[in-house]
Every structure is written in structure tokens, then in C-alpha cells.
Amino acid sequence: AAGVIQSPRHLIKEKRETATLKCYPIPRHDTVYWYQQGPGQDPQFLISFYEKMQSDKGSIPDRFSAQQFSDYHSELNMSSLELGDSALYFCASSPPGTSGHNEQFFGPGTRLTVL
Amino acid sequence: AQSVTQLGSHVSVSEGALVLLRCNYSSSVPPYLFWYVQYPNQGLQLLLKYTSAATLVKGINGFEAEFKKSETSFHLTKPSAHMSDAAEYFCAVTVPSGTYKYIFGTGTRLKVLA
């Protein structure tokens, strides 16, 4: 079965650089979520999209932006990177008929290291 | 507001012993609850979910969880631990609005001793 695809899997950047993370949801899933997991921490919600429209926003820094495209893939853009942005970034998707009981399917994550 | 609390950031059990990972929730509405497992350097995999259909939920890999409203708990259990169960386990609750984002607990790292 198709899964959520994230690229790249690993990314190393210098401080103040920019990074773009990509997410390809499971086909026919209409909702995409982004989470950030710091070292030894639980995943924290960043932002979500429903049918290509931004829906919910969590504790996402102003330096970050995201969008979902017509083919439903999503990109998380991160500028002016800081050391504290080093984390595992997960994308998840959920199927149509979004409601509380729909599970989210997680990708393998992108590990971002800021030097 | 929705939240979950996982008691015990680290749990060690012997192989073959009972696994019990604790999760307590706080929710202003009937909650939807989930347990996920995360192996090192991997994504999150759903173990099981509670959606009010049944209070005892069976999941993958022999895990199950019981929803107890009176105790606001959703503890995860497995009768007999296997070495392959060593991983990080997260309890999550959905926020009942918008896209139903997850609020995760702080996780419990399970160690299985030979």
C-alpha cells in the first residue's frame, strides 16, 4: 500500500540558510499535517491543510511557511534557520471525511540538522 | 482543552512479562484517542484507536487498550513482551475542530530485558 512520502530524508543546513521540506500524501487523502519533533520530545503540531487550504495553525514560527499544491503535495519552507530548528519533521495525511476518529498516516520524517 | 499525560517516561519489562503503558486524558468532549509506536529513526505507526465504538480496543502486534471514562484513562497493555516491542510509545488525542490535529503525550520509552 502507498504511504506518505517525505523528501529529503536528511538535510543539513547552516544557520540563517533556508530549507524546503516536501510531503506527498497517500493518494486520495485530502488533509495534510506537519509536526515537529525535537530531540527526545513528543511531536508538536505545526500546520495543516484541507483540500489545499490552510486549516489549522499551531506553534509555527513566522520564519516558516507552508502550502499545499494542486496535486495535494505539500511543502514546508523554513527561512533564517536557527540551531533550535534541528528536529525531525513529520508529515501526515488523513483520508476524506475528516473527523476525529480518522487516523493520521505518518511519513518517515525529514531529519533537519542546523549547524 | 484536550491533553494527554503519559506517566513514566521510561518503562522496563522482562521478555514475556506484562506491558502496561499509562495514558490519562483531559477532554471537554468525548475524546478520540490513539496509541502510536515509533521505532528509532522511523515514523509513527498506529497501534490502535478509540472511537467510542467499544471500550476495549485491540490493535496490532498483540496490543490492546481499555477506555475508562471514570478514570479518564486509556492505558496500553500487552500480555507478553517481546524484544521487538522495544520502542517509543505515544498516546494522542484529537482536538475536536478543524482538521482534528493531534495532541501527543510526552512518550514512554519501553525497554525489554532478555
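Please read these numbers as outputs of a predicted model, since none were measured by experiment. Just so we're on the same page: letters track the sequence lines, and every chain starts at 1.
Looking at A:Q41, only its backbone comes within 4.5 Å of chain B, counting heavy atoms on both sides. With a threshold of 4.5 angstrom between heavy atoms, B:L44 approaches chain A through its backbone and through its side chain. Residue B:Q38 touches chain A through its side chain alone, counting heavy-atom pairs closer than 4.5 Å. For a residue to count as touching a neighbouring chain, one of its non-hydrogen atoms must lie under 4.5 Å from one of that chain's; by this rule B:S9 does not touch chain A. With a threshold of 4.5 angstrom between heavy atoms, B:Y36 approaches chain A through side-chain atoms but not through N, CA, C or O. B:K101 touches chain A through backbone and side chain together, each having a heavy atom under 4.5 Å away.
When the heavy atoms of residues 9-16 of chain A are compared with those of chain B, the residues falling under 4.5 Å are A:R9, listed by number. Listed by sequence position, A:F106, A:G107, A:P108, A:R111 are the residues of residues 105-115 of chain A in contact with chain B, using a 4.5 angstrom heavy-atom cutoff. Contacts of residues 56-82 of chain A with chain B at a heavy-atom distance below 4.5 Å involve A:D56, A:K57, listed in sequence order.
Hydrophobic clustering places B:V19 together with B:V57 (ILVMFWY residues linked when any side-chain heavy atoms are closer than 4.5 Å, directly or through intermediates). Under the 4.5 Å side-chain heavy-atom criterion for ILVMFWY residues, a single connected hydrophobic cluster contains both B:I103 and B:W35. One hydrophobic cluster holds both B:L48 and B:L33 under the rule that ILVMFWY side chains link at heavy-atom gaps under 4.5 Å. Residues B:L113 and B:L21 are members of separate hydrophobic clusters, defined by side-chain heavy-atom contacts under 4.5 angstrom among Ile, Leu, Val, Met, Phe, Trp and Tyr. B:L20 and B:M83 sit in two unconnected hydrophobic clusters of ILVMFWY residues. Membership requires side-chain heavy atoms under 4.5 Å apart, directly or through other members.
B:Y102 OH to A:Q44 CD: the interatomic distance, rounded to the nearest 0.5 Å, is 15.5 Å. Atom-to-atom distance recorded for B:T99:OG1 and A:Y33:OH is 4.5 Å, nearest 0.5 angstrom.
The six-membered or imidazole ring of B:F104 lies near that of A:Y35, with a centre-to-centre distance under 6.0 Å.
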*Evaluate the side-chain contact (heavy atoms from CB on, under 4.5 Å) criterion for residues B:F90 and A:Q37: first the C-alpha distance (whole Å), next the side-chain angles of each, then the deciding distance (0.1 Å), finally the verdict.*
CA-CA 12 Å; B:F90 291 97; A:Q37 185 179 29; 3.4 Å; yes
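Enclosure of atom NZ in A:K52 by more than 12 non-hydrogen atoms of other residues, nucleotides or ligands within 6.0 angstrom is indicated.
For residues 104-114 of chain B, every residue pair satisfying the side chain to side chain donor-acceptor pair (under 3.5 Å) rule, not counting sequence neighbours, is listed here: B:Q6-B:T108, B:E88-B:R109.
By number of non-hydrogen pairs under 4.5 angstrom with chain A, the leading residue of B:S97, B:P96, B:G105 is B:G105.
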